[in-house]
Asker: 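Before we start, here is the structure in question, set down as structure tokens.
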Amino acid sequence: MHKEFLQQAIELACSNVTNNNGGPYGAIIVKNGEIIAASGNCVTANIDPTAHAEVMAIRNACQALKNFKLSNCILYTSCEPCPMCLGAIYWARLKKVYFACNRKDAANAGFDDSFIYDEIPLPPEKRHIAMLHLVVPDAEKPFTAWNTQEGITLY
């Protein structure tokens, strides 16, 4: 059954290329053996660098289930998730991920995200896009407000 869903994600990725909708990626989210969301990569179609297939499928699944937690769901994706998608997968609390190609396969096809993996362990100020911490008054005020608010939804 897992290979069948993974094959569908691969077919979705191929269709995405053929229909010129975006990059060669496809993702499907399954709950209890039923597909609840699917998407191809929509970066160019949506003019949105965050519109990766996995992120779009997660967005669609959350809307379908009316829940930002997908803890009982499995993601099937045509390729190993990039660092951004990996973060989204953890925030969505997916149960499991199956992927076909790995990041080396993606790099060989011109989709090399190794530079992002290389940046993650660096101190923010040493990254290629400098990330500079500024000390400003009341910087923690939003967190204080959050922690004193009643009825918040933890995520």
Side-chain angles (χ1 to χ4, degrees), residues 1-122 124 127-129 131 141-143 145-147 149-155:
M1 178 155 96
H2 297 302
K3 287 185 179 182
E4 292 170 11
F5 286 128
L6 194 54
Q7 188 60 46
Q8 289 182 50
I10 292 166
E11 290 169 10
L12 181 56
C14 290
S15 173
N16 208 51
V17 172
T18 303
N19 295 325
N20 203 24
N21 290 334
Y25 297 93
I28 293 172
I29 295 181
V30 174
K31 181 176 182 180
N32 298 327
E34 179 183 336
I35 295 174
I36 58 166
S39 183
N41 175 289
C42 299
V43 169
T44 56
N46 290 8
I47 312 171
D48 178 356
T50 68
H52 289 199
E54 297 90 339
V55 171
M56 297 299 293
I58 288 168
R59 290 173 182 165
N60 294 341
C62 289
Q63 292 301 307
L65 296 176
K66 298 189 181 349
N67 195 334
F68 58 85
K69 294 179 185 177
L70 302 175
S71 52
N72 293 320
C73 299
I74 298 174
L75 171 69
Y76 298 87
T77 181
S78 61
C79 191
E80 179 181 358
C82 75
M84 176 185 69
C85 294
L86 185 62
I89 288 163
Y90 276 95
W91 281 114
R93 295 169 180 83
L94 283 150
K95 181 179 179 179
K96 198 175 285 190
V97 176
Y98 290 91
F99 62 91
C101 292
N102 62 34
R103 66 176 97 157
K104 184 177 178 186
D105 299 321
N108 289 338
F111 297 91
D112 190 356
D113 56 11
S114 63
F115 71 98
I116 299 172
Y117 286 100
D118 294 343
E119 291 281 299
I120 292 170
L122 296 176
R127 295 178 181 155
H128 282 88
I129 298 175
M131 299 183 185
K141 193 173 182 178
F143 294 128
W146 173 263
N147 286 325
Q149 185 73 26
E150 290 188 28
I152 57 174
T153 301
L154 296 177
Y155 60 96

Asker: Counting only heavy atoms from other residues, nucleotides and ligands, does the tally under 6.0 Å from CH2 of Trp146 exceed 12?
Answerer: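 Atom CH2 in Trp146 is packed in, count exceeds 12.
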Asker: Looking at Asn16, Asn41, Asn46, Leu12, which one forms a side chain to side chain contact (heavy atoms under 4.5 Å, CB included) with Asn21?
Answerer: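 Output: one option passes, namely Asn16.
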Asker: How long is the straight-line distance from CG of Leu6 back to CG of Leu75, given to the nearest 0.5 Å?
Answerer: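 Nearest 0.5 Å value for the CG-CG distance: 9.5 Å.
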Asker: From Leu70 CG over to Lys95 NZ, what is the distance, rounded to the nearest 0.5 angstrom?
Answerer: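 Reported value, rounded in 0.5 Å steps: 13.0 Å.
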Asker: For the atom pair CD (Glu119) and OG (Ser114), what is the distance rounded to the nearest 0.5 Å?
Answerer: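 Nearest 0.5 Å value for the CD-OG distance: 10.5 Å.
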Asker: Check whether any side-chain heavy atom of Gln63 lies under 4.5 Å from a side-chain heavy atom of Asn60, and answer yes or no.
Answerer: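 A side-chain contact under 4.5 Å is absent here.
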Asker: Check Pro81 against Val97 and note the closest heavy-atom contact, atom names and distance.
Answerer: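 For Pro81 and Val97, the tightest heavy-atom pair comes out as CG-CG1, 4.3 Å.
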Asker: Counting C-beta onward and ignoring hydrogens, is there a side-chain heavy-atom pair between Phe68 and Thr153 closer than 4.5 Å?
Answerer: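 Yes, close enough: below the 4.5 Å cut-off.
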Asker: Find out whether Arg59 and Thr50 are in side-chain contact, i.e. whether some heavy atom of one side chain is under 4.5 Å from a heavy atom of the other.
Answerer: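 Answer yes - side chains close enough.
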Asker: Could you tell me which non-hydrogen atom of Lys31 sits nearest to which non-hydrogen atom of Asn72, and how far apart they are?
Answerer: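 What the structure gives for the nearest pair is CG-O, 3.8 Å.
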Asker: Nearest heavy-atom pair of Ala37 and Ala57: which atoms, and what distance?
Answerer: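 The answer is CB-O, 3.5 Å.
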Asker: Heavy-atom count check: over 12 atoms from other residues, nucleotides or ligands less than 6.0 Å from Ile47 CD1?
Answerer: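 Open: at most 12 neighbouring heavy atoms sit under 6.0 Å from CD1 of Ile47.
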Asker: Which heavy-atom pair separates Ala88 from Val55 by the least distance, and what is that distance?
Answerer: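 Closest heavy-atom pair between Ala88 and Val55: CB-CG2, 4.2 Å.
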Asker: Atom CG of Leu86 and atom CD1 of Ile116: how far apart are they, to the nearest 0.5 Å?
Answerer: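 Here the interatomic distance stands at 11.5 Å.
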Asker: Return the minimal non-hydrogen interatomic distance between Cys79 and Glu54, and the atom names on each side.
Answerer: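 Result for this residue pair: O-OE2, 3.5 Å.
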Asker: Angle class for the Tyr98/His2 ring planes (parallel below 30°, perpendicular above 60°, tilted otherwise)?
Answerer: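 Aromatic pair Tyr98/His2 classed parallel.
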Asker: Write down the atom of Thr44, the atom of Gly22, and the distance for their closest heavy-atom approach.
Answerer: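 In this case the closest contact between Thr44 and Gly22 is OG1-CA, 3.5 Å.
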Asker: Atom CG of Asn108 and atom CG of Asn102: how far apart are they, to the nearest 0.5 Å?
Answerer: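 Interatomic distance, Asn108 CG to Asn102 CG, rounded to 0.5 Å: 8.5 Å.
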Asker: Would you say the side chain of Cys85 lies within less than 4.5 Å of the side chain of Thr77, judging by non-hydrogen atoms?
Answerer: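 Thr77 does not reach Cys85 side chain to side chain.
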Asker: Within the structure provided, determine whether Ile35 and Phe5 are in side-chain contact (heavy-atom separation under 4.5 Å).
Answerer: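 In short, these two side chains touch, coming nearer than 4.5 Å.
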Asker: Inspect the contact between Glu80 and Arg103 and indicate whether a charged nitrogen and a carboxylate oxygen are less than 4.0 angstrom apart.
Answerer: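 Yes, this pair counts.
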Asker: Give, for atom CG of Asp48 and atom SG of Cys42, the distance between the pair rounded to the nearest 0.5 Å.
Answerer: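 Reported value, rounded in 0.5 Å steps: 9.0 Å.
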